[in-house]
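Computation of the quantities below employed the complete heavy-atom set of this structure, encompassing side-chain atoms and omitting hydrogens, waters and symmetry-equivalent molecules. Remember, it's a predicted structure, so these values are computed and weren't measured experimentally.
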Amino acid sequence: MDKKLGIYLCQGCGIGESLNVEKLVQAASREHPAPVIRRSSAFCLEDARVIQEDVGKGEVDTVVIAACSGRVNTEIFSFKPAIVERVNLREQVAWTHAPGQEETQSLANDYLRMGIVKAQMTQPPRPYQEANQRTVLVVGGGIAGMSAARDAAKAGYEAVLVEKAMRLGGFAANLHRQFPKRPPYRELEAVGLTSLLHELETLDNVRIFTGAEVEKISGQPGDFSVLIRQNGALHPVKAGAIVMATGWKPCDPAQFEKYGLGKYTNVVTNIALEEMAFQGKLLRPSDGRPLKNVALIQCESFEDEQHLAYSGNVTCLVSLKQALYLRELSPDCAVYLIYQDMQTPGQYEYFYRRVQENPGVFFSQGNFQNVREDEDQSLILEIANTPLGGGIQIKVDMVVLATGMAPASLDSKGLHLEYLQGGELPTTRHGFSASDFICFPYETRRTGIYSAGCVRQPMDAAASARDGTAAALKAIQCIEKSSAGAAVHPRSGDLSYPSFFIQNCTSCGRCTQECPFGALELDEKSHPTLDPNRCRRCGICMGACPVQIISFDDYSVAMLSAMIKAVEIPEGDEEKPRILAFACENDAYPALDMAGIQRLNYPASVRIIPVRCLGSVNTILIIDALSRGFDGVVLMGCKSGEDYQCHFIQGSGLSGKRMENISETLDRLSLEPERIHFA
């Protein structure tokens, strides 16, 4: 069915002064004979109604708006049910290139043709709407998990809480006190588990399984099938989203042997001291004598980085808290707090000052050197590089080590996910269940499964409670989006998902291996099968496929190839090179828009195609571009590697590897490898 195409050329924001609009009309007319073409000095103002009227009267069902960046005015330029394609003539032409120049006009003409071609090939997405389970499964019954279950239930959703211990509370149930979380942030507070437990027990839409574990999870967001094992019996549960709040565990004691842990009875961890305080008795472990001198050591020197690379902000506060324990339960005890960096974020700085005011707490920066025991089992600490100008020795009854927090794993199979890529949640290099710390907190690399509390990053009890609430909100958002067939993050609301021309599939398995989110499984013929609500619409599978059988209704290899062919390549003119830039829509494309806002100039020889992720760029597109006559191709994307910044985890890294492997093809075409650049 032929589309009713309407082209709307904006002349505002300097576009009309920079470009010859008549030539744009001619370029549009050549690409699609006799379309509806309208002009305006500002379509984003009252003339937006002109477009809406054309759509409403049925004259137009596909709209091409040549104006500002597609990243702005998104609501103004939404004309449902019409397909809308944006052509960026403002930020990436008028604001970044010399006005009235031939090359600037040529750039605008090419962009308009590319936009028309894309609009012609775009089909309205058909959302997948076969999932609507409105239950949140919470794994872990500590403060984060209890908060998640409570708040999901209070929002009107069913909540199922699974805890492997026989009681709820997690590690917080063993805390003597917690840091202050209310102004003036000076005095320790009760943990507050009783009120949280009472709230859970009074909610009718919360089911609690204690002494239970998750046996198996299959399915996808909106329709997870879960088996819970309790007392030998299996309980099937349906869930729309999952919150993982399995907490933390102490670091391996063997890592702290040099501090005397395991060698001297009176060297203990901060966890052991917390247990003593919970019992109300702080005595020397070796002989039960009252404590007169205690050293609290932050184990965070440079040589200990592999032991404590991430939890110093929590352990510092624990040491401050425990210094007050010692002073309150043993008023005659002198407390020495040895540290390299004292981390007390936010309002906790007030608490730090409160501890500094205590006359029996002595602070010293310094490096731990050695510990030895004398004849009465007292400990002699050697500390170097102190503010006094050298080393010091301290004799104490007990040494308490701030040993840090490691994320608690369920077991070798994690959540027992029935996923092709394995049963566990992929983790960061420090073992935390997170997708990307900065961009998407609470996300994991399994869509619809969110992490909260100390399994996500080290945090105190108050932060864990907030984390549980936030993860519950993310789970609710996922349920609502899944029921509409829409993506959650980062392409929030995207209704498209990949389709597969299975007849040409070679069963190579690359798409299933490279999908960062485990959205693809295999059927009995080793062909990929999609769980649509696991998919985040990144297109990495499309970029991975060597025979190009994967496409979206509004994004495909064929579409990108047609856009490449829409660019006019000057023949025999070395002064007019053409460079094709694939720019990731998550960072590179916004950066180019920012260059436009700053009125920064770059060569008009560059033609930019925004892509969902560099991982979606199939290598055949590089070959197409060079064969077409482009002088070079640049791929602009996120930082990859261990400290990645890719919104789709590994898309940028995969693209870089593919470009390394393309050199053989370039040799066959007698093309120099330096004509491809990865940025």
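Under a 3.5 Å cut-off, the side chain of Ser640 and the backbone N or O of Ser652 do not form any donor-acceptor pair. Ser655 places no side-chain N or O within donor-acceptor distance of the main-chain N or O of Gly651, the cut-off being under 3.5 Å. For the pair Thr246 (side chain) and Ala408 (backbone), a donor-acceptor distance under 3.5 Å is present. Gln178 places no side-chain N or O within 3.5 Å of a backbone atom of Gly192 that could act as its donor or acceptor partner. Of the possible polar contacts, none joining the Glu373 side chain to the Ser378 backbone as a donor-acceptor pair under 3.5 Å is found. The closest donor-acceptor contact from the side chain of Asn358 to the backbone of Gly360 lies under 3.5 Å. Under a 3.5 Å cut-off, the side chain of Arg456 and the backbone N or O of Ala245 do not form any donor-acceptor pair. Between the side chain of Arg284 and the backbone N or O of Gly288, no donor-acceptor pair lies under 3.5 Å. For Asn205 (side chain) and Tyr157 (main-chain N/O), a donor-acceptor pair under 3.5 Å exists by modelled atom type. In this structure, the side chain of Glu199 does not engage the main chain of Arg150 through any donor-acceptor pair within 3.5 Å.
Residues meeting the salt bridge (Lys or Arg N to Asp or Glu O under 4.0 Å) test with Glu349, sequence neighbours left out: none. With sequence neighbours left out, Phe171 forms a ring-ring contact (aromatic ring centres under 6.0 Å, His included) with Trp248. Applying the side chain to side chain donor-acceptor pair (under 3.5 Å) test to Arg372 and every residue at least two apart in sequence or in another chain returns Glu382. In terms of the side chain to side chain donor-acceptor pair (under 3.5 Å) criterion, Tyr336 has no residue partners (sequence neighbours excluded).
The side-chain heavy atoms of Arg466 and Met459, taken from C-beta on, include no pair separated by under 4.5 Å. The shortest side-chain heavy-atom distance between Tyr339 and Gln365 falls under the 4.5 Å cut-off. Pro426 places a side-chain heavy atom less than 4.5 Å from the side chain of Arg446. Proximity of Pro407 to Thr427: side-chain heavy atoms (C-beta onward) are nowhere separated by under 4.5 Å. Between Met276 and Met398, the closest side-chain pair of non-hydrogen atoms falls below 4.5 Å. Looking at heavy atoms from C-beta onward, Leu282 lies out of side-chain contact with Val294 at the 4.5 angstrom threshold. The closest side-chain heavy-atom distance from Thr210 to Leu168 is below 4.5 Å. Using a 4.5 Å heavy-atom threshold, the side chains of Val399 and Tyr259 count as separate.
Note on Lys474 versus Glu443: salt bridge recorded, some NZ/NE/NH1/NH2 to OD/OE distance being below 4.0 Å. In summary, Lys395 and Asp374 engage in a salt bridge, as defined by a charged side-chain N under 4.0 Å from a carboxylate O.
The distance from atom NZ of Lys238 to atom CZ of Phe224, rounded to the nearest 0.5 Å, is 11.0 Å. Rounding to the nearest 0.5 angstrom, the gap separating the CD1 atom in Ile271 from the OG1 atom in Thr403 is 5.0 Å. Summarising the geometry, atom CD belonging to Glu514 is positioned 4.5 Å from atom CG belonging to Leu654; distances are rounded to the nearest 0.5 Å. Atoms CG and CD1, from Leu137 and Ile228 in turn, are 5.5 Å apart once rounded to the nearest 0.5 Å. How far OG of Ser330 is from CG of Asn293: 11.0 Å, rounded to the nearest 0.5 Å. Taking NE2 of His416 as the start and CD of Glu424 as the end, the distance is 10.5 Å to the nearest 0.5 Å.
Using cut-offs of 30° and 60° for the angle between ring planes, the Tyr185 and Tyr350 rings count as parallel.
A ring-centre distance under 6.0 Å is not found for Phe368 and Phe256.
What you find for Thr512 and Glu521 is that their closest heavy atoms are CG2-O, 3.9 Å. Minimum interatomic distance between Tyr442 and Asp467 (heavy atoms only, all atoms of both residues): CE2-OD1, 3.0 Å. Taking both residues in full, the closest heavy atoms of Ala152 and Ala472 are given as N-CB, 4.2 Å, listed atom of the first, atom of the second, then distance. The two residues Gly141 and Leu161 have their closest heavy-atom pair at CA-CD1, 4.1 Å. Nearest heavy-atom pair across Met146 and Gly169 is SD-N, 3.8 Å. The minimum heavy-atom distance linking Cys478 with Gly240 is given by the pair SG-O, 4.5 Å.
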Before you tell me yes or no, could you show the steps for His647 and Cys538 under side-chain contact (heavy atoms from CB on, under 4.5 Å), namely the whole-Å CA-CA distance, both residues' side-chain angles and the distance that decides it to 0.1 Å? CA-CA 9 Å; His647 288 59; Cys538 59; over 6 Å; no

Run the side-chain contact (heavy atoms from CB on, under 4.5 Å) check on Arg536 and Thr447 step by step: do they pass? CA-CA 8 Å; Arg536 300 201 193 177; Thr447 311; 2.9 Å; yes

Show your working on side-chain contact (heavy atoms from CB on, under 4.5 Å) between Leu188 and Phe351 and close with a plain yes or no. CA-CA 9 Å; Leu188 300 179; Phe351 177 55; 3.6 Å; yes

Working note: Asp151 + Leu473, criterion side-chain contact (heavy atoms from CB on, under 4.5 Å); need CA distance, chi angles, decisive distance, verdict. CA-CA 8 Å; Asp151 292 326; Leu473 290 172; over 6 Å; no

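Other residues, nucleotides and ligands place no more than 12 heavy atoms under 6.0 Å from the NZ atom of Lys216.
Checking Asn313 against Tyr348 by side-chain atom types alone, no donor-acceptor pair falls below 3.5 Å. Counted by atom type alone, Gln298 and Ser319 present one or more donor-acceptor pairs between their side chains at under 3.5 Å.
Applying the salt bridge (charged side-chain N to carboxylate O under 4.0 Å, His left out) definition to pairs two or more places apart or across chains, those involving residues 184-197 are Arg182-Glu189, Arg186-Glu357, Glu187-Arg354. Annotation: salt bridge (charged side-chain N to carboxylate O under 4.0 Å, His left out) contacts involving residues 270-281, sequence neighbours excluded, comprise Glu274-Lys321.
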